[in-house]
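Per chain, numbering begins at 1; letters A, B, ... match sequence-line order. In what follows, every heavy atom counts, from backbone to side chain, and hydrogens, waters and symmetry copies are set aside.
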Amino acid sequence: MSNMFKKILIANRGEIAVRVVRACREMGIPSVAVYSDVDRAALHVQKADEAYAIGPAAARASYLNIEKILAVAKRAGADAIHPGYGFLSENAEFAQACAMAGVKFIGPTAAAMKIMGSKTSARHAMEAAGVPFVPGSSRGLSFEEAVDVARKVGYPVMLKAAAGGGGKGMRLVHAEAELKSAYESAGSEASRAFDSGEVYIEKFIAQPRHIEVQVLADEHGSCVYLGERECSVQRRHQKVIEESPSPVVDEAMRLRMGQTAVKVAQSAGYTNAGTVEFLVDSARNFFFLEMNTRLQVEHPVTELVTGLDLVHLQIQIAAGAKLPFQQKDVQLRGHAIECRVYAEDPDYHFFPSPGKMTALQTPAGPGIREDSGVYEGWTVPLDYDPMLSKLIAYAPSRDQAIARMQRALDEYFISGIKTNLALFRRILSHPDFIAGKLDTGMLDRMLAEKPSAAKSGGNARIAAIAAAIFALNGNGNSNGNANGAHASSEAAAWKLSARKEGLRR
Amino acid sequence: MSNMFKKILIANRGEIAVRVVRACREMGIPSVAVYSDVDRAALHVQKADEAYAIGPAAARASYLNIEKILAVAKRAGADAIHPGYGFLSENAEFAQACAMAGVKFIGPTAAAMKIMGSKTSARHAMEAAGVPFVPGSSRGLSFEEAVDVARKVGYPVMLKAAAGGGGKGMRLVHAEAELKSAYESAGSEASRAFDSGEVYIEKFIAQPRHIEVQVLADEHGSCVYLGERECSVQRRHQKVIEESPSPVVDEAMRLRMGQTAVKVAQSAGYTNAGTVEFLVDSARNFFFLEMNTRLQVEHPVTELVTGLDLVHLQIQIAAGAKLPFQQKDVQLRGHAIECRVYAEDPDYHFFPSPGKMTALQTPAGPGIREDSGVYEGWTVPLDYDPMLSKLIAYAPSRDQAIARMQRALDEYFISGIKTNLALFRRILSHPDFIAGKLDTGMLDRMLAEKPSAAKSGGNARIAAIAAAIFALNGNGNSNGNANGAHASSEAAAWKLSARKEGLRR
Amino acid sequence: MTFEITVTSAAGAAENFRVELTRGKDGNVTECRVNGEALALDAALTQPGVLSLLIEGRSYRVGRAHSAEGMQIGISGETFEVDVRDPRSLRARKRAGAGTEGPKKITAPMPGKVVRVLAPEGTRVEAGQGVIVIEAMKMQNELKSPKAGVVKKINSAEGATVNAGDALAVIE
Amino acid sequence: MTFEITVTSAAGAAENFRVELTRGKDGNVTECRVNGEALALDAALTQPGVLSLLIEGRSYRVGRAHSAEGMQIGISGETFEVDVRDPRSLRARKRAGAGTEGPKKITAPMPGKVVRVLAPEGTRVEAGQGVIVIEAMKMQNELKSPKAGVVKKINSAEGATVNAGDALAVIE
C-alpha cells in the first residue's frame, strides 16, 4: 500500500504489545516499544525494533502518560500508534491528542469512542437504530426515578454505572427495600472509579450468557461482522475462557446478531475493529450490552475460526485501505478456545502472584497458538494486570478443541510464581462446560463446589518419588556433565535405574 | 467410537512420535513410546504415557526391529501401532507382522503397500486406470531394452530404480553415449540400497515442479483428496520447504489432480492416509510419480489449509470409522508454509551437526505452529536423521505466510549445534521463491549464487558490541541476583547504560 | 536412604509416603520402595529441575520448583507441595504450629504494596477480622487475623513495598 | 576497557571492530565507543547468554553460544563467529596459520563414526583428495586433504566414534 505507515508506536506492554510488534514485523513496518522502569527487560522491549523509556512503574506516570508517549512518537518518527487494549485504548482524549499531533490512532475516531464510552449516550444512538436493549432506563437516574423504573421493569434489577465497565459500580437489587443502599454505594463506587456517579437501571437477566460479535469497519463505509465469541465463563465480571463459535448460536441467530452489531457500529460512525457485547437469555433473546472500541483480549479465537489477522486488518484500515473482503467472503471453520493465563493463585482467593518465573515450558504442536508476554527468567512486576499469556486451541470441533486444550495444559509448566493453569483443567473437565451449558454465573457456582480429589490419587505418589530423587541428588539444578557435542547419550546430569530384577539378586 | 483402540504404540522417534502422542492424548487413547539407548531422555519418551527400551542406537537393532516392537506392543497391551514416517512406515512385512500379531497397523494394508512399493508394479495398476505417466518404460529393463526406450522417448532421459526413492539409483542421461555407464552405476546403487537392481527409464522433464496430493480413504470405500502440496524446493531430492496450496495450481487443475489421485488410491485398494506425487512440467501437465503409503513429513500444511487433523483421522479410519465428511465438505482456506529445521551446517557442505542444544528459543504467536522433537539441553544423537523440528506458518495469503515465516525465523534461536535456519531466510527472500517460480532445481541454482552480503552490514557491528559486553562481564552465563519474587525491577543479573549525555560531562 | 514425604495437592489434600532409595556401589539406585512396595524405576534429569521418570513403564515428566513455602512438584499440570524429611536427621518437622496458642504472625502471601492498615497496634481483633490491605497487580487483598487477640506489632507502614513471606503484623 | 573484535558472518565475510567500554565508579558502563564513535547504549542480561541491547533507541535481542570454534553471537536469525582480543594482553591472535607450509591436521567437523580410511598412512595425496570418510545422521562426508603431501598419521580406525574437533589425520 502506497500510504502505509512508516513506523508504528505501540502504547502498551505485555502480550498485546508483542502481538502488535509481530504484526508490524510481518507487514514490514518498523515498530517502537515504550517501557516503564520495571519493564526494561520485558519481552515487548526485546521484540520491537526500537524501544524508549517513558518513566516510573506507576501506569499513570508511564503507560497512561499521553504527553510522554506522543513525545516518543515524535522523537522516533512514528506516524501511527496502536493502543492495544486497556491503558489508553478507550481514551477518547488520547485519540484526539494523537490526531492533533498528526499521528494516526489505530482504532475508531474520538467521536465514536465518546458515543460508546457513555452507556447512556450509546443507548440513545442505538435505540433509534432499533437495537434490542434489556428493559430499563436509557440514562442516569435520580433515586426517585430509579424507584419508578425498577417497579416498571420488575425486580430483580441491576444498577450500573453509566461511565463504567469491568463490574465496578454494579449492584444486583432483589427488592425495593434494598434499592436505596445499593443506589448509594453504586453511585459512590462509580464516582471513585470513573469520575461520574451516574447510575442507571436494567432488568436483571437470570443466568445470562455473555456473547459478543466482532466487527470491522473501514473508513469508506464498509462494515462486516466476523462471527461471535462466547465469553460466559467469568469470575468477578472478568472473562476467563472465551470461545468461538458459541455453542448456542446457530446460523440464523448469528445472522441476526451480526446484522445488529453492524447496525450498532454504523449508528456511531464506527471505524476499525470493535466488539459489540450482548447478554443472551435462556430463550436465546439477545440484548445489547455495550460496545468495546478496541481490539479485545480474546480476538485470537475469531482469527482462528475466520483465518483472518485482525491486527493486520486494523493497520490496513487505519492506513486508509478498503476492507479486502465482503461479508459473504467470511467463512467460519472449526472451533477455537482461549484460556487467559494469569499470575494468580486459584487455591488462595485468586491472590496475584508476581515474581520471577524460574521455569517456563510452553505447549506447542497442532492447533496450539500461544500469545505470550513473558519468558523464562522474567520477573513479573507487581504493578500491572496479572495476565502472562493467552493459550488458544483450535480444532475441527468443539469437543476436539477442549481435548486439545487439555493436552496443551498438560504440557504447560510454570514455576516460581502461582498461575491459574489448574483452574482451566477443572473448568474444561466440568460437565456443564463440556455440554456447553454456560452462563456468567457458571464459574462462581463451580468454584463453590468441592473439587474432586480423585484425580490426584496417582500423581501424589509420583510426586513423592520425584521429591526423594531430587533430595538424594542434592538439588538437580545443574545439568552438569554435558560437554557440548560430545556426550550424545549423556544428555542428563545423572540417571538412575532400579529394576525389580535387581531386587532378586 | 465404541471400538476405538485401547492403546497405541508409536514405532518412531523425534517430532513425528511427539505429534502422534499428542493426537492420542487428545483422543483419550493411552500412548506407548519406544526408545533406543541414546533416546532415553528424548522428548517423545517424556510426552508419552508409557515408554519402553528397545535396544541399541543403531536403527536396525531398535526402531527397525519388528520383533522387539511387537513384543513391547504385546507387553504394554497396545492394540494398534502408528509407524510415523521413515523407519518401518512403508515396510509391508511389518504391516503383515502386525496383522499376524492381532495389532492394527495404522496405515494401508500390506497388499496396497506392496503394489505401491514397486514403481513398475504400481505403474501397471495405474495405467489401466488412465493415470498420466511420464513417457517411458513401465517396468525394469535390460540394457538393450533401455537403449530402445530411450531412443523412443528421446534424450534426455532419467534412469530410476524400480524399488527406489529418495534419489538413490537415479541417473540423468543426456545422450546414448552416456547410457551404458549410467545404467550400470544406477543398477549397482539400486542393488545396494534396495536389494533390487531393476532400473527403468523415463523422459526427463526439464525444471519440473514436485506437487503432491493428500488422499484419505476409509475402509468402507470412500476416498477424498485434501488439496495439494508444492514441494519443489529440494536439495539432493530431499524436500526443504513445502507449501499449500501450490502457487501454480488453480481450481480446475486441483480438481483434475485430485480426481487422478483418488483414482490412483482406489486402483490399489488403498486405505488410510497417503500421498500421490506428481511431476508437473512448465505447461502445467502433471505426471504420476509415485504414491507414498504413509503420513508425510509435510502433512501439517494440509492440516492448516483444510482445518482437519490428519492423525486423528488416520486413527479413526484404522479403528473402522467412516470418513466423517465428503469431498464437497473440504474447504481450502489461506496459505501454509513449512520449513524443515535440520541440525546441519548450510555454510559447510550441509554437514550434519549433532550435539547438545545449549539454548533454544522457539517462535510462537499468530499463525505459527511448531512440531518439535527436541528441547533445550537435549543432545541430538548422531545416529538418526538430522530433523529437529518443523516450523509452519499459516496466513490468509501466500505473501503474508512468507512474511510471517520470516518473522518466526527472526525469533528462532538455537545454539550449541548448527542448523539450517539461515538457509530458510535466504530462500524465502529470493525473488524466484517470492514470485512462486519454483522447480526442483531452484534451490541448487540458488546455492550456486553468491549470497548477498549486504544484509549483515549493521548486525556485525551489534555483534561486536555484544561480544565486548559479554567479555567485560565475565561470561554472563548466570542470571544471578534474582531472588524469587523479590527483585521485580532487577530481573537481569546486570545492566549497563552508557548515554551520550554522559560523555559531555 | 529413606525419606518421609508429605505431598499436599492444590486442593489441600495431604498424603504421607515413605520412599526408600538404595544406591549401589556405582552410585546408581538399585532399589526403589514406596511404602514398602518395590517399583521398577528409571530416572533421568533432562533439564535443570526437570525429571523424566519411568515407573513400571509409565512415563512422567516432573518439574521441580522452590518457593517461600518449600518445594513444589509439577506433574502434567498438577502442582503439589512436598515436604521431604530424612527421619535420621534430628531436625524437627518444619511444619509451624497450627493452633491459636501464643503470638501469631500475619505474613504477606505475595509481593505488593501496603495500602491500608485497618487495625493499628493495640487494636483488639476477632479471628478473621481484616488487619492490613495489600495491593498487587491492580487487586487489593485484605489480610485477616488468624486468631482473636490484640495487634501487638505492625511491621509495615502504608505505602511500603513488601515481599512474599514478610511478617507484616503480630497478633497476641 | 578496549576490545579488538573480529566478526565473521556465516557467508564468511570478516570485519574488525574496536569497542571501548568505560566503567564508572559504580561499575556501570558510562561510555561506549565503536571505532571511535560514541553510542548511547543500554544493556540488560535477560536470560543466561541472552542480552537485550538498546543502541541509539534500536532494540536487539542477542544470543551467545560457545563451540569448538569460539564464541558465536546470534542476532535475529543471523549467526556470527566472534573473536575478542584484549590488545593489552600478550596472547597472540588465536587464528591458526592458514598457509600450506608444515604439517596440517584434518579435524572432524562434527561428531560421527569413521566409516572408511581412503588414504592410509604413507599414501601420497593431492590437495582436495579424500582421506577419511565419516558418517553422522545417515550422511557420509569425505574429509579432504588441505594440501598436497604424504599422510603422516591416521589417528582413527574404521568404526571409531569421533568428536567434533578431533584431529583425525596429519598430512605432511
Side-chain angles (χ1 to χ4, degrees), chain B residues 343-355 358-359 361 382-386 409-416 421-422 425 450-451 453 455-456 459-473 475-479 491-503, chain D residues 1 3 5 7 9-13 15 17 19 21-23 28-32 34 38-53 55 60-67 71-80 82 84 86 109-113 136-139 141 164:
Chain B
E344 64 183 17
D345 187 353
D347 297 312
Y348 192 68
H349 314 302
F350 292 90
F351 264 34
S353 179
T358 52
Q361 300 190 354
L382 56 86
D383 309 278
Y384 312 107
D385 166 297
L409 290 167
D410 281 358
E411 295 183 0
Y412 217 136
F413 179 65
I414 296 176
S415 73
L421 288 173
R425 298 165 55 87
K450 196 103 192 119
K455 188 89 203 320
S456 309
N459 282 345
R461 195 176 69 136
I462 306 305
I465 296 171
I469 292 171
F470 277 119
L472 187 71
N473 287 276
N475 58 32
N477 247 332
S478 70
N479 182 341
W494 41 261
K495 291 183 184 183
L496 308 173
S497 180
R499 309 206 170 278
K500 280 197 215 161
E501 299 91 270
L503 304 179
Chain D
M1 197 176 301
F3 300 92
I5 298 173
V7 179
S9 73
E15 226 177 320
F17 297 91
V19 180
L21 298 174
T22 311
R23 280 186 197 263
N28 266 4
V29 169
T30 54
E31 190 177 333
C32 170
V34 178
L39 294 174
L41 167 71
D42 188 275
L45 186 75
T46 59
Q47 287 176 287
V50 180
L51 203 56
S52 166
L53 288 182
I55 297 173
Y60 303 90
R61 194 182 203 190
V62 181
R64 194 273 329 266
H66 291 288
S67 76
M71 192 197 291
Q72 289 90 44
I73 295 284
I75 302 177
S76 56
E78 270 187 288
T79 302
F80 299 92
V82 293
V84 180
D86 174 356
M110 61 192 181
K113 272 196 182 114
M137 295 176 142
K138 298 158 94 181
M139 234 180 100
N141 299 284

Of the listed D:Ser52, D:Ala10, D:Gly74, the one with the largest count of heavy-atom pairs under 4.5 Å with chain B is D:Ala10
Rounding to 0.5 Å, atoms CD1 (B:Ile462) and CD1 (D:Ile75) come to a distance of 6.0 Å
If you tally heavy-atom pairs under 4.5 Å between each of B:Phe351, B:Tyr384, B:Phe413, B:Phe350 and chain D, the highest tally belongs to B:Phe351
When the 4.5 angstrom heavy-atom criterion is applied to B:Ala466 and chain D, the contacting part is both
Indicate yes or no: at least one non-hydrogen side-chain atom of D:Asn141 is less than 4.5 angstrom from one of B:His349. no
Turns out that what part of B:Gln361 lies under 4.5 Å from chain D's heavy atoms comes down to side chain
Taken to the nearest 0.5 Å, the spacing of B:Ile469 CD1 from D:Arg64 CZ works out to 12.0 Å
Heavy-atom donor-acceptor pair, B:Thr358 side chain to B:Ser415 backbone, under 3.5 Å:
yes
